[in-house]
Amino acid sequence: MQYDFKKIEKKWQQKWDEAKAFAAVTDPSKKKFYALIEFPYPSGDGLHVGHTRPYTAMDVVSRKRRMEGYNVLLPMGWDAFGLPTENYAIKHKIHPEIVTEKNINRFREQVKALGYGIDWDREINTTDPNYYKWTQWIFLKMFENGLAYKKKTTVNWCTSCLCVLANEEVVDGSCERCGAPVVQKEKEQWMLKITAYAERLLNDLDEVDYIDRVKTSQRNWIGRSVGAEVLFATTAGDELKVFTTRPDTLFGVTYMVIAPEHPLIDKWAEQITNMDAVRAYREQAATKSDFERSQLAKTKTGVKIEGIRAVNPANGEEIPIFVSDYVLLSYGTGAIMAVPAHDTRDYEFAKTFGLPIVEVVAGGDISQEAYTDCENGVMVNSGFLNGLTVPEAQKKIVSWLADNGKGEPKVNYKLRDWIFSRQRYWGEPIPVVHCEHCGYVAVPEDQLPVTLPHVDSYEPTETGESPLANIAEWVNTTCPKCGGPAKRETDTMPQWAGSSWYFLRYLDPKNDEALASPEALNYWLPVDWYNGGMEHTTLHLLYSRFWHKFLYDIGVVPTKEPYKKRTSHGFILGEGGEKMSKSRGNVINPDDIVNQYGADTLRLYIMFIGDFEKTAVWSNSAIKGCARFVEKVIALSEKVKPGKEYSKELESAMHKTIRKVTSDIEELKFNTAIAALMTLANRMAEVGGANEAEFETLLKLLHPFAPHITEELYEKYNKGMLVTSAWPTYDEAKCVDETVEIAVQINGKLRGTVVIPAAAEKDEAFAAAKAEEKIAAALAGFEIVKEIFVPGRLVNFVVKPAK
RNA sequence: GCCGCUGUGACGAAAUGGCAGACGUAACGGACUUAAAAUCCGUGGGUAGAAAUACCGUGCCGGUUCAAGUCCGGCCAGCGGCACCA
């Protein structure tokens, strides 16, 4: 047969469409499987070969599950708001809507060419007003529940995009998207109180099946620290509150440090005798970006506050207070108690400023360095804590602080609230108006969506306001509460908004009464298996878990967690091991591969390329192996022998391969599943061809990976489509051969092999091994001290020279 | 600095503590061909040897075990993330 993959692939994609083979029906009488892939940002570059790795993987799993009888949902959509489209629109004076539509059409065509079993009737697009109506609705619910609030804060400001960036969007002090420097700027921003969910986001990780590295990075990102808040009296009268994880070292506090932005500095301005120096330091710190601060981290800087001193609550001693930018206002209380003997940063600072260093945990050498790794040490120089171990001292001091009203146990998180505003055009408008009388007022639900107005210019204003601020007729409105004049919020939402809940909309994408019907939500949730990139572990994944938990709290969704299982794939690098990029000229376009080899070969190769979870290097020659494999299967189809039962010579190979492919797919071991199929095909060729029963099984096992050609070859059996056929089953008892070749070792070294019946007991194995000529010779003159038998594997004789 | 991941043939990689290198690529030898491509058969970790075979071999050092790529302890190198989080 001439392998005309273009014709074959088109034919089957049409047939699947006509048969509605991938339509997922909400039907509680059927067991469901909801598979989710991260929906792409439809960039102007088109689909990247890297996209095909996760997509193909989830399609393989979905097709297998469908054949196993599950009601499968595998949806697709477009995360289409975002900066590149807006920047393109600015440059080419084309409306982002038009650019987006064009890009989506291209992406859809490319994705369809790969033959994924997607229910296209559920396609969504985050920039569709019917979609973002519900993004806005969720925001309003958060606003109503006090989780969305406006706050003046220093924000990351991209000097090129003229836009606020989330901390997560700043990479090495530069804008993640355009690479321009990022500076600090004060701005009023909408914030989402994700920190209110920190504890649950952390604890509920125990209830989900995420791969370990995903859980670990979420835990690290949330960054829970257990400690205490301690109140220090000051000579100014105010108390200075600090957070510490080491309250046991309280007697070792020799000075305090507050962040340059700490509000008490202003309050104390009159009493600080060197306020000029403090102000100067403060201004200097403010102009530095976070990046510069961390670059300068090697040498500690700071200014001592003259005229005010703090009092150590443990021993009543007066200690100096410093201002230094190594203390961050945004974590804890913006102030610390410094224990130079047991903290490296405090140690460095104390050395720079010649401050006393008092050892309170014995065991280190504080003349050389801070002794930090001291959980097992014993307290010294610590009054009533002396002689206690560190954990004992911690317990005792915390209750002492509480009893004396000087502190209390406290848990802190690294996780910060989510800066939710962007000063851009191409995003969801934040559905709030500002009224001079009533303040910020929610747009009433029945007025949603607040749609983006059409404008001529998408360029941000120089003051950093959104382009929307220039449209007077849109901005000026009336207050929904008092009817007086009001102004619309001109900030838009970040790209993470639409992707925080999209998996819910797939369940009921055309509903205009609710984001999805309770029936659909109850049936399909949670997502059974979500695969996506590691780069989304701390942002998208955390944000969407947060939104989902909120929706759970207000009774919209029935599950605490959105995703039952989360896995992650590795990147695809260009030939030569470098990242694919236009400038390197090593970008692989999936279209070219589909044209040259067909979608089935691309699908096979991208799954065969290596360990799914690890980075893989694309190879233009290695893909030929997969093309040859497809040809080999076609060749096998031409010499299929009659036979409805597995033949003796292939029987155990059939059962073993079914077992391996079935479990490998579930374990993300797609590469070895394909290797097993190749081995089986080779074996079939060796024995002069498979019979019908055997060949059909091969086609079924191969179908999730190479759906088109397998359908084509299956067609002649007149048994309907493989898509709706049943996944092959295996019999554990038939996975064994009658005889096995086992290794014979002497003192752990391989000395030969011997063929024995698979069911042989150990005595039979030992006898057979000893009967082998070479083994007998090697054993001569030795005394056997121990005999080990591993069924199906080996025997090992432990020997020593005979007396 | 901290956290995570990874070190196995020329290359991509396999291997519930049990015969290291399955499967595939490139390469080489042969068949077919006027020739090439394609295809088919074979070789395919290193060293020594004509060969049988022997010894060595999974980043390095040590340990546990009858048996270690795999487990434990200590390093080294590369990649990714976080970065003064008190």
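Order of the sequence lines fixes the chain letters, A, B, ..., with proteins taken first and strands second; residue numbering starts at 1 for each chain.
- Residue whose closest nucleotide on RNA chain B sits further toward the 5' end, between Lys669(A) and Asn220(A): Asn220(A).
- The nucleotide whose nearest atom lies closest to any side-chain atom of Leu750(A) is, among G18(B), G4(B), C19(B), C19(B).
- Mapped onto RNA chain B by nearest heavy atom, Lys749(A) and Tyr331(A) fall at different nucleotides, with Lys749(A) at the one closer to the 5' end.
- Pair assignment for A67(B): none, as no Watson-Crick or G-U wobble contacts are both less than 3.5 Å.
- With both pairing distances under 3.5 Å, G29(B) is matched to C41(B) as a Watson-Crick or G-U wobble pair.
- Phe322(A) and Phe349(A) have perpendicular rings, their planes meeting at more than 60° on a 0 to 90° scale where under 30° would count as parallel.
- In a base pair of the Watson-Crick type (N1 to N3 plus N6-O4 or O6-N4) or a G-U wobble (N1-O2 and O6-N3), with each distance short of 3.5 Å, U6(B) is matched with A77(B).
- C84(B) makes up no base pair with any nucleotide shown, lacking Watson-Crick or G-U wobble contacts both under 3.5 Å.
- Residue Arg751(A) is in sugar-phosphate contact alone, with no base atom involved, counting any heavy-atom pair closer than 4.0 Å across all strands shown.
- With both ends at atom P, the span from G24(B) to A14(B) equals 15 Å, rounded to whole Å.
- Counting any heavy atom pair closer than 4.0 Å across all strands shown, Asp212(A) reaches no nucleic acid atom.
- Across every strand in view, G62(B) sits in a pair with C72(B) that passes the Watson-Crick or G-U test at under 3.5 angstrom.
- Contact annotation for Ser217(A): no contact, since no heavy-atom pair falls under 4.0 Å across all strands.
- Spacing between A10(B) and U64(B) at atom C1', rounded to whole Å, works out to 36 Å.
- Centroid-to-centroid, the aromatic rings of Tyr255(A) and Phe353(A) stay 6.0 Å apart or farther.
- Considering only the side chain of Lys632(A), C40(B) comes nearest among U53(B), C66(B), C40(B).
- Residue Leu328(A) places its side chain closer to C84(B) than to any other of C23(B), C84(B), G18(B).
- Nucleic acid contact class of Ala622(A) (heavy atoms, under 4.0 Å, all strands): sugar-phosphate only.
- Pair assignment for A36(B) gives none, since no Watson-Crick or G-U wobble pairing has each distance under 3.5 Å.
- Using a 4.0 Å cut-off between a side-chain N of Lys or Arg and a carboxylate O of Asp or Glu, Arg683(A) and Glu686(A) qualify as a salt bridge.
- When the nucleotides A15(B), A86(B), U6(B) are ranked by their closest atom to the side chain of Thr672(A), A15(B) comes out on top.
- Taking the syn range as angles within 90° of 0, the glycosidic angle of G80(B) is outside it, so the base is anti.
- Nearest to the side-chain atoms of Lys774(A) among the listed nucleotides G18(B), A14(B), U53(B) stands U53(B).
- Closest approach to the Asn682(A) side chain among A14(B), A86(B), C23(B) is made by C23(B) (side chain taken as heavy atoms from C-beta onward).
- Leu794(A) comes within 4.0 angstrom of a nucleotide base, judged by non-hydrogen atoms across all strands.
- In the model, Arg416(A) has a side-chain atom that pairs as donor or acceptor with a side-chain atom of Ser330(A) under 3.5 Å.
- Taking atom C1' in both C32(B) and C19(B), the straight-line distance is 37 Å, to the nearest Å.
- Taking the charged nitrogens against the carboxylate oxygens, Lys774(A) and Glu772(A) have no contact shorter than 4.0 Å, which rules out a salt bridge.
- Comparing U34(B) with C28(B), their C1' atoms are spaced 24 Å from each other, to the whole Å.
- Residues Leu680(A) and Thr697(A) fail the side-chain proximity criterion, which asks for heavy atoms closer than 4.5 Å.
- Taking atom P in both A54(B) and G4(B), one finds a spacing of 44 Å when rounded to whole Å.
- Taking side-chain N and O atoms only, Arg628(A) has a distance below 4.0 Å to OP1 or OP2 of U25(B).
- Residue contacts shown for Thr753(A) include a base, since a base heavy atom lies under 4.0 Å away.
- At the heavy-atom level, Val617(A) lies nowhere under 4.0 Å from the strands shown.
- When heavy atoms are screened at a 4.0 angstrom cut-off, Glu741(A) is found touching base atoms of the nucleic acid.
- At a threshold of 4.0 angstrom between heavy atoms, the contacts of Asp611(A) are confined to the sugar-phosphate backbone, with no base atom among them.
- Gln745(A) comes within contact range of at least one nucleobase, with a heavy-atom separation under 4.0 Å.
- Lys414(A) contributes no side-chain N or O that forms a donor-acceptor pair with the base of C82(B) under 3.5 Å.
- The side chain of Thr538(A) places no N or O atom within less than 4.0 Å of a non-bridging phosphate oxygen (OP1 or OP2) of G81(B).
- Checked against C66(B), C3(B), A86(B), the side chain of Ser225(A) finds its nearest nucleotide in A86(B).
- Judged by distance alone, the side chains of Thr567(A) and Asn531(A) do bring a donor and an acceptor atom under 3.5 Å apart.
- Residue Phe608(A) is in base contact, counting any heavy-atom pair closer than 4.0 Å across all strands shown.
- Donor-acceptor pairing under 3.5 Å is recorded for the side chains of Asn682(A) and Lys632(A).
- With C1' as the reference atom, C23(B) and G73(B) are 36 Å apart, rounded to whole Å.
- As rounded to the nearest Å, G78(B) and A27(B) have C1' atoms that lie 28 Å from one another.
- For C75(B) and A20(B), the P atoms lie 31 Å apart once the distance is rounded to whole Å.
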